[in-house]
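We count ligands from 1, going down the list as the structure has it; atoms in each ligand are counted the same way. When reading the values below, keep in mind they use all heavy atoms of this one structure, side chains included, and skip hydrogens, waters and symmetry mates.
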Amino acid sequence: MRYVSTRSDKYSVSASEAILAGIAPDGGLFVPESFPRPDFESWQDYTYQEVAVNLLSLFLTDFSPEAIRQLVGKSYSSNFDSPQITPIHWLDEQTGVLEMWHGPTLAFKDLALQCLPQLFEEAKKIQAIRERFLILTATSGDTGKAAMSGFSGKKDALVAVFYPHGGISPFQERQMLSNTSPNVRAFAVEGNFDDCQRSVKALMQEENFRERMLRQSIRLTSANSINVGRLIAQMVYYIYAYLQSCEKYGDPISFVVPSGNVGNILAARYCREMGLPVDRIHLAVNSNKVLHDFLSTGIYDANRELLQTTSPSMDILVASNMERYLYLLTGDDSYIRDLMAALKRDGCFSFDAKLFDLGSSWVTEEQVLACIEKVYTDYGYLLDPHSAVAAHALFNSEMSGRRLVVSTASPYKFAKTVLTALGQDLPPDDRGQILKLKQLIGADLPQAIEELWSLQPQKRQCLVPEEMEAAIDQLIGANYEKD
Ligand SMILES: *Cc1c(COP(=O)(O)O)cnc(C)c1O
């Protein structure tokens, strides 16, 4: 299997090269040049790990079968607190919740980021690359900790995460400051998430910085969902969920996906491209509804204010993986290059809406809270606000047959919003809020929370953007000085 860029036909690389590069040299994203159509029906009795091994083998054709088996074993085992990795909770006969938050950071990013470091290590071996990697990531909360958790203790990788000071929840900050491995660090940066992201991108594109790193045998890369390795790992749960949900193979199953950067929903769309009999794939967004507007009109317009919502991991105006979806629909790299140039220049572009094959809707903040309350009252089940965006979209759609809400975060991660939705009094700190939620759920706390509370968080290190480079030097010094 080769990987090509969405923006030109100049690059065709192997899986290991695509994973190590992250982004293509022309600024495009790597995509598989074709989609195999395996006999999914014969996968029906597979465990999550067996589905993963079989799927990865189709896409990572320069990895050895033994390496794939080993890396899948390391990525999906007791680091998840469910043997099914992504279990389904059925609300009724037809409606299920695909729980993707049983990993160490309680959000769905773990499904890709527990695996990406192993993919990296193996890809380095295949390409005989000796340099270390420095992974720079701006985060609005979930990606940062998931990357830190995945790369924690890896000798040849450093992770520097930057988050907006005051812009993430106390729980998320505590998660990022409570780590025991010196190769991963999180820093607060003055400004909002957009400022933070801009500073990280600027640093990554700075020639001087890049060269200074290379002189120390360090390559720069990112853990964001532009990496094709993440997407492939994310296809596994849709296949597994489909096989778990159908009564007989071929039954139509629909998915409703709470979306931000469009990586998660694209993985579902890729599965349908491979012949998995998925019925509808529905994109649900919060009041930052640029993606819904695009899918309903064909006009992508990022020239609008970014609103702060209770589902912050979906607060986004420019969704990187939309580029891959448009490439899937057209296969036309020069057209995509023009569209992306227009987006960069004008903040908008238009596309033929008749080509779209995803449903979409948007959900107000009031509807999110009402949905959390309704699902608790009707089914005794608690949703986090991101999952509630999808659940509201599902309950208000005409989807027939079995359908799954893709649930991307544990309610514990957003305890304050959940308690507010239920009209409960709010204990003053996040610990009190989590304990109160535990009473309502009536089950043990996830182990990840117990562990978090047993650690003493580091002191917050707060930077202005000009100090980011010095903070990175400090991280390098603390890890590699002694060699
Ligand atoms: C990242 C994230 C999303 C959005 O997923 P995309 O792949 O960016 O569309 C939704 N919910 C949660 C909790 C997330 O962390």
Side-chain angles (χ1 to χ4, degrees), residues 29 86 97-114 116 137-150 161 163 168-169 171-172 175-176 193 197 222-238 255-271 281-286 288-292 294-295 309-325 358 360 362-363 368 372 382-393 405-415 417-418:
L29 304 181
T86 53
V97 179
L98 176 58
E99 296 180 346
M100 308 217 300
W101 34 261
H102 289 271
T105 78
L106 308 178
F108 98 96
K109 305 267 187 322
D110 285 331
L111 276 311
L113 284 166
Q114 289 293 302
L116 189 66
T137 296
T139 187
S140 57
D142 289 332
T143 301
K145 179 61 188 183
M148 292 171 80
S149 167
V161 169
Y163 62 91
I168 63 173
S169 78
F171 181 77
Q172 288 173 320
Q175 276 190 313
M176 287 199 279
F193 173 64
Q197 174 134 325
S222 145
N224 292 341
S225 60
I226 52 172
N227 197 306
V228 73
R230 273 185 62 167
L231 275 176
I232 295 167
Q234 287 178 197
M235 292 164 72
V236 174
Y237 46 77
Y238 285 107
F255 291 98
V256 183
V257 189
S259 295
N261 226 353
V262 180
N264 198 3
I265 195 165
L266 184 69
R269 180 61 186 79
Y270 277 175
C271 289
I281 303 173
H282 188 97
L283 173 142
V285 288
N286 62 28
N288 290 300
K289 62 188 185 54
V290 58
L291 295 170
H292 167 67
F294 180 51
L295 290 177
T309 72
T310 51
S311 43
S313 303
M314 296 155 63
D315 291 344
I316 211 160
L317 294 179
V318 176
S320 353
N321 283 296
M322 186 52 82
E323 177 169 351
R324 284 189 166 112
Y325 178 54
L358 301 173
S360 75
W362 75 285
V363 179
V368 171
I372 292 173
L382 277 177
L383 292 168
D384 99 287
H386 301 78
S387 312
V389 168
H392 179 88
V405 173
V406 172
S407 175
T408 48
S410 157
Y412 285 118
K413 216 165 176 177
F414 299 92
T417 302
V418 175

Do Arg324 and Asn321 have side-chain N/O donor and acceptor atoms under 3.5 Å apart?
yes
Taking C-beta and beyond as the side chain, do Leu29 and Val228 meet within less than 4.5 Å on heavy atoms?
no
Mind checking whether Val418 and Pro385 have side chains closer than 4.5 Å, heavy atoms only?
yes
Please identify which atoms of ligand 1 are closer than 4.0 Å to at least one heavy atom of Ser259.
9 (O)
Return yes if some donor-acceptor pair links the side-chain N/O of Asp142 with the main-chain N/O of Ala107 below 3.5 Å, else return no.
no
Is it the side chain, the backbone, both or neither of Val262 that has a heavy atom closer than 4.0 Å to ligand 1?
backbone
List every atom of ligand 1 that sits less than 4.0 Å from any heavy atom of Pro258, numbering the atoms from 1 in the order shown and giving each element.
4 (C), 10 (C)
Would you say the side-chain atoms of Lys145 pair up with the backbone N or O of Pro104, donor to acceptor, closer than 3.5 Å?
no
Expected output: side-chain Arg230 to main-chain Ala223 donor-acceptor under 3.5 Å:
yes
Backbone or side chain, does any N or O of Gln234 fall under 3.5 Å from an N or O of ligand 1?
no
So if I count the atoms of ligand 1 from 1 in the order they appear, which ones are less than 4.0 Å from some heavy atom of Gly263?
6 (P), 7 (O), 9 (O)
Which of the numbered atoms in ligand 1 are under 4.0 angstrom from any heavy atom belonging to Ala409?
13 (C)
Output the list of atoms in ligand 1 that are nearer than 4.0 Å to some heavy atom of Met314, sorted by atom number.
10 (C)
Within ligand 1, which atoms have a heavy atom of Asn264 less than 4.0 Å away?
7 (O)
